[in-house]
Amino acid sequence: MQFKDLGLDNRLLKNLNHFAFKEATDIQQQAIPVAIVGKDLMASSKTGSGKTLAFVLPMLHKALKTKSFSARDPRAVILAPTRELAKQVYGELRGMLGGLSYTATLIVGGENFNDQVKALRKHPKFIVATPGRLADHLEHRSFFIDTLDTLILDEADRMLDLGFAPELRKINSLAKHRRRQTLMFSATMDHAEVNSIASEMLKDPKRISIGLSNEEHKDITQSFYLCDHLDHKEAILNRVISEADYRQVIIFTATRADTERLTKELAEKSLKAVALSGNLTQTQRNTIMSQFERGVFKILVTTDIASRGLDIANVTHVINFDMPKHMEEYVHRVGRTGRAGNKGTAISLVGPKDWESFKRVETFLQQDIVFSELEGLKGKFKGIKPRKPAFKKGDNSQKKQRPQAKKTNKKPVKHDKTFYKNVAVGDAVFVPKKKVVKSEPPASDE
């Protein structure tokens, strides 16, 4: 189905044509018509499915076709869990605002608070923000959302995992207009907290699910390698990078220290690598991502901070140097490649410390994973066998039961208190034996 068949405003269709967007994805085909008629929506789709336009387009269509409830307040707020994802959403929104008389602003942590206050006082019609920083501005009364038209939650499951539930509830209570529309997008609907907060914030929502989050991505080839230790991991990593025909690579690690160490080692091999982690300022992070997007660096070494929100078509390889702790995070990491119909490769290195995380991912994917091997780098580690269940103390279910003899009730015996010469002797009288006097042998006649 093409975008022109979805009933969108012609001004939006013109902008879509400018970016050569003609065919709508599955999530766009199902979500846009529901959102256009004003219903609340709860949708899930796998990463790289085009969900950003699935909520940006109906939001803009509504703004073009209806009057705002207030000239002062914003018409829509889009919430995203991380700065990187918020920035990516903001970029797509700006693209669709071409030729329209609307303004938008980005409000995320790590940037100057006062500069954001000045931007908010210009009354932008659309705000893309992270929940924490937006809640701070609402507390300081930098702006108001009493008459908000549309509230959009992108990747609600991730926001709740990061502990933003209090901020979401606060924003929901302040955006209290009875005709507010709420669109919630989540990687999965099988998330207890997502369903709980959806029942608070959404009114009779239409539910849409496109593909399972654990469904195998046909455009991505996935491989797993067993590793004995850290040195073994690094040897496999170096072999993979040296032999791979890649355009750009993202390497995911567990810690900030690993990102810096691996980046330094790759740079010593004359590879164009850069590290991205949460200890950098927002300006530094923006600079690094801009350079990576422009191809200045070919390899990005990062923590899970970049597992969501990066939409770079040239990323051909994703390498999990460390397995992620959360099952869903594996899907988002791998989803950084194989985007927009391109082919991608995902490689995961599994050591003893990664084994439990790997087993959770294997269960989540519902696949029996077969490990690959590299010639000359075959390890000894073969996985960890599950422990046998320990028997609880006092559990005699496995012990053989010995037959016990039946107890008979014996009547108490009455003792005969017999005395002999004023001495108690019990049941029987004790009669002392008489002493036998030995007779001397007769004298001999000799």
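- Between the CG atom of Leu148 and the CZ atom of Phe143 there is a distance of 8.5 Å, given to the nearest 0.5 Å.
- In the displayed structure, Lys67 atom NZ is contacted under 6.0 Å by at most 12 heavy atoms of other residues, nucleotides or ligands.
- With hydrogens and angles ignored, the 3.5 Å screen pairs a side-chain donor or acceptor of Lys125 with a backbone N or O of Ala71.
- At distances below 3.5 Å, at least one donor-acceptor pair connects side-chain atoms of Gln29 with backbone N or O atoms of Ala24.
- Judged purely by distance below 3.5 Å, without hydrogens or angles, the side chains of Thr259 and Thr253 never pair a donor atom with an acceptor atom.
- The closest side-chain donor-acceptor pair between Arg180 and Thr182 falls under 3.5 angstrom.
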Requested in this report: Give the C-alpha distance, both sets of side-chain angles, the deciding distance and a yes or no for side-chain contact (heavy atoms from CB on, under 4.5 Å) between Ile288 and Asn286.
Outcome: CA-CA 6 Å; Ile288 289 171; Asn286 292 343; over 6 Å; no
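- Remark: side-chain polar atoms of Lys65 are not paired, donor with acceptor, to backbone N or O of Leu60 under 3.5 angstrom.
- For the atom pair Met201 CE and Leu183 CG, the distance stands at 11.0 Å (nearest 0.5 Å).
- Between His177 and Phe69, the ring planes are parallel. Angles under 30° get that label, and only those over 60° would be called perpendicular.
- Side chains of Tyr330 and Glu362: a donor-acceptor N/O pair is absent below 3.5 angstrom, by distance only.
- For the atom pair OG of Ser44 and CD1 of Ile210, the computed distance is 8.0 Å after rounding to the nearest 0.5 Å.
- With Gln181 contributing its side chain and Leu151 its backbone, the two residues share no donor-acceptor pair below 3.5 Å.
- Considering only heavy atoms from C-beta on, Pro81 stays 4.5 Å or farther from Thr130 through its side chain.
- Glu92 places none of its side-chain heavy atoms less than 4.5 Å from the side chain of Val89.
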Query raised in the report: Should Thr255 and Asp258 be marked as a side-chain hydrogen bond (donor to acceptor under 3.5 Å, both in side chains) after you check the CA-CA gap, both sets of side-chain angles, and the distance that decides it?
Result: CA-CA 5 Å; Thr255 65; Asp258 282 339; 3.2 Å; yes
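- For NZ of Lys203, the number of neighbouring non-hydrogen atoms (other residues, nucleotides, ligands) closer than 6.0 Å is greater than 12.
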Query - Phe55 and Phe185: CA distance, side-chain angles, deciding distance, ring pair (Phe, Tyr, Trp, His ring centres under 6.0 Å) verdict - result: CA-CA 9 Å; Phe55 58 75; Phe185 286 75; 5.3 Å; yes
Query raised in the report: When you look at Tyr102 and Phe126, which way does the ring pair (Phe, Tyr, Trp, His ring centres under 6.0 Å) test go after all the steps?
Result: CA-CA 8 Å; Tyr102 293 129; Phe126 304 103; 5.6 Å; yes
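- Atoms CG and CG, on Asn10 and Leu64 in that order, are 10.5 Å from each other to the nearest 0.5 Å.
- Across all non-hydrogen atoms, the minimal contact from Ala135 to Lys170 is O-NZ, 3.7 Å.
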Report task. Could you walk me through whether Arg294 and Gln291 pass side-chain contact (heavy atoms from CB on, under 4.5 Å), step by step? Result -> CA-CA 5 Å; Arg294 289 185 285 110; Gln291 291 174 330; 3.6 Å; yes
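- Residue Asp115 qualifies as enclosed at atom CG: its count of foreign heavy atoms under 6.0 Å is above 12.
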Query - Step-by-step salt bridge (Lys or Arg N to Asp or Glu O under 4.0 Å) determination, Asp304 to Lys325 - result: CA-CA 10 Å; Asp304 277 331; Lys325 293 181 180 179; over 6 Å; no
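- Defined by atom type and a distance below 3.5 Å, a donor-acceptor pair is missing between the side-chain atoms of Glu84 and Gln88.
- The aromatic rings of Phe358 and Trp355 lie tilted to each other, with the angle between the two planes from 30° to 60°.
- The CD1 atom of Ile152 lies 12.5 Å from the CD1 atom of Ile127; values are rounded to the nearest 0.5 Å.
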Requested in this report: Step by step, work out the side-chain hydrogen bond (donor to acceptor under 3.5 Å, both in side chains) result for Arg360 and Thr363.
Outcome: CA-CA 5 Å; Arg360 287 195 291 269; Thr363 302; over 6 Å; no
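- Of the possible polar contacts, none joining the Thr345 side chain to the Thr221 backbone as a donor-acceptor pair under 3.5 Å is found.
- At least one side-chain heavy atom of Leu276 sits under 4.5 Å from a side-chain heavy atom of Met289.
- Remark: the backbone N or O of Ser196 is paired with a side-chain donor or acceptor of Ser199 at under 3.5 angstrom.
- Screening Asp228, Asp354, Asn238 against Lys233 for a side-chain hydrogen bond (donor to acceptor under 3.5 Å, both in side chains) leaves a single residue, Asp354.
- Ion pairing of Glu111 with Arg83 is absent here, as no side-chain N (NZ or NE/NH1/NH2) approaches a carboxylate O to less than 4.0 Å.
- Of the charged side-chain nitrogens involved, none lies within less than 4.0 Å of a carboxylate oxygen, so that Lys62 and Asp149 do not count as a salt-bridged pair.
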Query - Residue pair Leu85, Glu155: steps toward the side-chain contact (heavy atoms from CB on, under 4.5 Å) verdict - result: CA-CA 9 Å; Leu85 181 56; Glu155 299 203 1; 3.7 Å; yes
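- Contact of the Lys122 side chain with the Thr103 side chain is not registered, since no non-hydrogen atoms from C-beta on lie closer than 4.5 Å.
- Here His137 pairs with Phe113 under the ring-ring contact (aromatic ring centres under 6.0 Å, His included) rule; sequence neighbours left out.
- Asp73 and Thr147 form a side-chain donor-acceptor contact under 3.5 Å, judged by distance and modelled atom types alone.
- Within 6.0 Å of the NE2 atom in His229, the count of heavy atoms belonging to other residues, nucleotides or ligands exceeds 12.
- With a 6.0 Å radius and a threshold of 12 heavy atoms from other residues, nucleotides or ligands, Arg72 has its CZ atom above the threshold.
- For the pair Ile241 and Tyr246, the minimum side-chain heavy-atom distance is below 4.5 Å.
- The environment of CD in Glu356 is sparse: at most 12 heavy-atom neighbours from other residues, nucleotides or ligands sit within 6.0 Å.
- Using a 4.5 Å cut-off on side-chain heavy atoms (C-beta onward), Leu120 and Thr105 make contact.
- In this structure a side-chain-to-backbone donor-acceptor pair under 3.5 Å is missing from Glu234 to Asp231.
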Report task. Could you walk me through whether Asn172 and Leu168 pass side-chain contact (heavy atoms from CB on, under 4.5 Å), step by step? Result -> CA-CA 6 Å; Asn172 177 57; Leu168 294 180; over 6 Å; no
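- Atom-to-atom distance recorded for Asp204:CG and Met42:CE is 13.0 Å, nearest 0.5 angstrom.
- The residues Lys206 and Asp40 are annotated as not salt-bridged, no charged nitrogen and carboxylate oxygen being separated by less than 4.0 angstrom.
- Partners of Thr316 under the side chain to side chain donor-acceptor pair (under 3.5 Å) rule, at least two apart in sequence or in another chain, do not exist in this structure.
- The backbone N or O of Met96 sits less than 3.5 Å from a side-chain atom of Asn15, completing a donor-acceptor pair.
- The backbone N or O of Asp136 lies less than 3.5 Å from a partner atom in the side chain of His140, making a donor-acceptor pair.
- By the 4.5 Å heavy-atom criterion applied to side chains, Phe252 and Thr303 are not counted as neighbours.
- When side chains are defined from C-beta on, Glu265 does not count as touching Leu271, because their heavy atoms never get closer than 4.5 Å.
- Formation of a donor-acceptor pair under 3.5 Å by the Gln28 side chain with backbone atoms of Thr25 is found in this model.
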